[in-house]
Amino acid sequence: MKKIITLAILFVSAVSFAQIKVLETVPVEKLGKVNNNYIQKIGDEYTVYYTTILTDDDGSSNLRKFSFRNLNNDYVNLYNIIMNGFTASPLYDIKLELPNNYIWLHYTSNVVPDKATVQFMVSSKERDAATNNVSEPFVKDQISKLFQK
């Protein structure tokens, strides 16, 4: 009987002090992709990964990102803001504020009709981060593909 109690105590103490814990995982979902640019969804957070056109002197990757949570249908709202910017006359830049970044949607028109482009111009809200990143230009169809619309 003493052996059973001793074994039970040892078993309970070994289980309660285990180093490995199982944590809840949230699935990572890759949405649309255009070239190296894509949107990733983890839970209610969306992250837009984009390739910058500016080259860094330190040779670091040209892939940058900005994130936001989908609190008030913000994912669809961002898509609608971008798409409505293509039809504005005249084309103008739109400034957006996200939790950690400011984003300018910079529109340019080409000579060919319906080939206007938009670029993400992203800057951090942190005071010491003075870097601005500019994405490659996207046409309307590429934005639809990126947002899976």
Side-chain angles (χ1 to χ4, degrees), residues 10-149:
L10 286 174
F11 178 73
V12 169
S13 65
V15 170
S16 64
F17 295 111
Q19 295 179 23
I20 300 173
K21 295 179 184 178
V22 177
L23 301 176
E24 180 183 346
T25 57
V26 179
V28 176
E29 188 177 347
K30 230 181 206 185
L31 302 175
K33 183 174 182 180
V34 175
N35 302 326
N36 291 331
N37 309 288
Y38 61 96
I39 298 178
Q40 177 177 290
K41 178 184 176 195
I42 302 174
D44 69 343
E45 183 171 281
Y46 289 86
T47 304
V48 177
Y49 291 88
Y50 61 94
T51 306
T52 63
I53 59 171
L54 306 174
T55 56
D56 292 336
D57 295 335
D58 62 357
S60 62
S61 171
N62 286 345
L63 194 62
R64 301 287 188 261
K65 67 180 180 176
F66 61 87
S67 301
F68 59 93
R69 292 183 56 208
N70 192 29
L71 299 177
N72 296 315
N73 209 16
D74 291 332
Y75 179 73
V76 173
N77 291 339
L78 177 60
Y79 171 76
N80 290 334
I81 290 168
I82 294 170
M83 294 306 278
N84 289 338
F86 281 110
T87 58
S89 180
L91 293 178
Y92 59 93
D93 290 358
I94 300 171
K95 184 177 181 181
L96 305 172
E97 181 179 5
L98 297 179
N100 298 319
N101 303 96
Y102 292 109
I103 299 176
W104 287 265
L105 302 174
H106 177 66
Y107 292 90
T108 55
S109 62
N110 292 335
V111 198
V112 181
D114 294 331
K115 290 298 177 186
T117 61
V118 65
Q119 290 177 287
F120 303 131
M121 301 171 78
V122 182
S123 66
S124 177
K125 283 186 175 180
E126 297 176 14
R127 291 181 190 203
D128 56 344
T131 58
N132 291 330
N133 296 304
V134 180
S135 73
E136 61 185 52
F138 298 100
V139 295
K140 196 173 188 178
D141 292 341
Q142 289 175 318
I143 292 293
S144 294
K145 186 176 177 184
L146 189 64
F147 281 80
Q148 282 192 329
K149 301 287 182 185

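Count residues from 1 along the sequence.
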Considering non-hydrogen atoms only, spot the tightest contact between [X] and [Y] and give its length.
{"X": "Leu146", "Y": "Val34", "result": "N-CG2, 3.9 Å"}
{"X": "Lys145", "Y": "Lys33", "result": "CE-O, 3.4 Å"}
{"X": "Pro137", "Y": "Gln142", "result": "O-OE1, 3.8 Å"}
{"X": "Ser67", "Y": "Pro99", "result": "O-CD, 4.3 Å"}
{"X": "Tyr50", "Y": "Lys65", "result": "CE2-N, 3.8 Å"}
{"X": "Ala116", "Y": "Phe86", "result": "O-CE2, 3.4 Å"}

Show your working on side chain to side chain contact (heavy atoms under 4.5 Å, CB included) between Val134 and Met121 and close with a plain yes or no. CA-CA 4 Å; Val134 180; Met121 301 171 78; 4.1 Å; yes
If I take atom [atom1] from residue [X] and atom [atom2] from residue [Y], how far apart are they, to the nearest 0.5 angstrom?
{"X": "Ser144", "Y": "Met83", "atom1": "OG", "atom2": "CE", "result": "3.5 Å"}
{"X": "Ile143", "Y": "Leu105", "atom1": "CD1", "atom2": "CG", "result": "8.5 Å"}
{"X": "Asn133", "Y": "Asn101", "atom1": "CG", "atom2": "CG", "result": "9.0 Å"}
{"X": "Gln148", "Y": "Lys41", "atom1": "CD", "atom2": "NZ", "result": "10.5 Å"}
{"X": "Ile103", "Y": "Leu98", "atom1": "CD1", "atom2": "CG", "result": "4.0 Å"}
{"X": "Tyr107", "Y": "Thr87", "atom1": "OH", "atom2": "OG1", "result": "8.5 Å"}

Can you tell me if [X] uses its side chain to pair, donor with acceptor, with the backbone of [Y] under 3.5 Å?
{"X": "Glu136", "Y": "Ile53", "answer": "no"}
{"X": "Asn77", "Y": "Asn72", "answer": "yes"}
{"X": "Thr52", "Y": "Asn62", "answer": "yes"}
{"X": "Asn37", "Y": "Thr51", "answer": "yes"}
{"X": "Tyr75", "Y": "Phe147", "answer": "yes"}
{"X": "Asp93", "Y": "Trp104", "answer": "no"}

Ile42 vs Thr47, side chain to side chain contact (heavy atoms under 4.5 Å, CB included): CA-CA, chis, key distance, verdict: CA-CA 8 Å; Ile42 302 174; Thr47 304; 6.0 Å; no
With side chain to side chain contact (heavy atoms under 4.5 Å, CB included) as the criterion, how do Ile81 and Ile94 come out once you've worked through the C-alpha distance, each side chain's angles and the decisive distance to 0.1 Å? CA-CA 9 Å; Ile81 290 168; Ile94 300 171; 4.1 Å; yes
Who passes salt bridge (charged side-chain N to carboxylate O under 4.0 Å, His left out) against Asp74, sequence neighbours left out? none
Verdict with supporting geometry, Tyr46 and Leu31, side chain to side chain contact (heavy atoms under 4.5 Å, CB included): CA-CA 10 Å; Tyr46 289 86; Leu31 302 175; 3.5 Å; yes
Can you check whether Phe66 and Phe120 have ring centres sitting under 6.0 Å from each other? yes
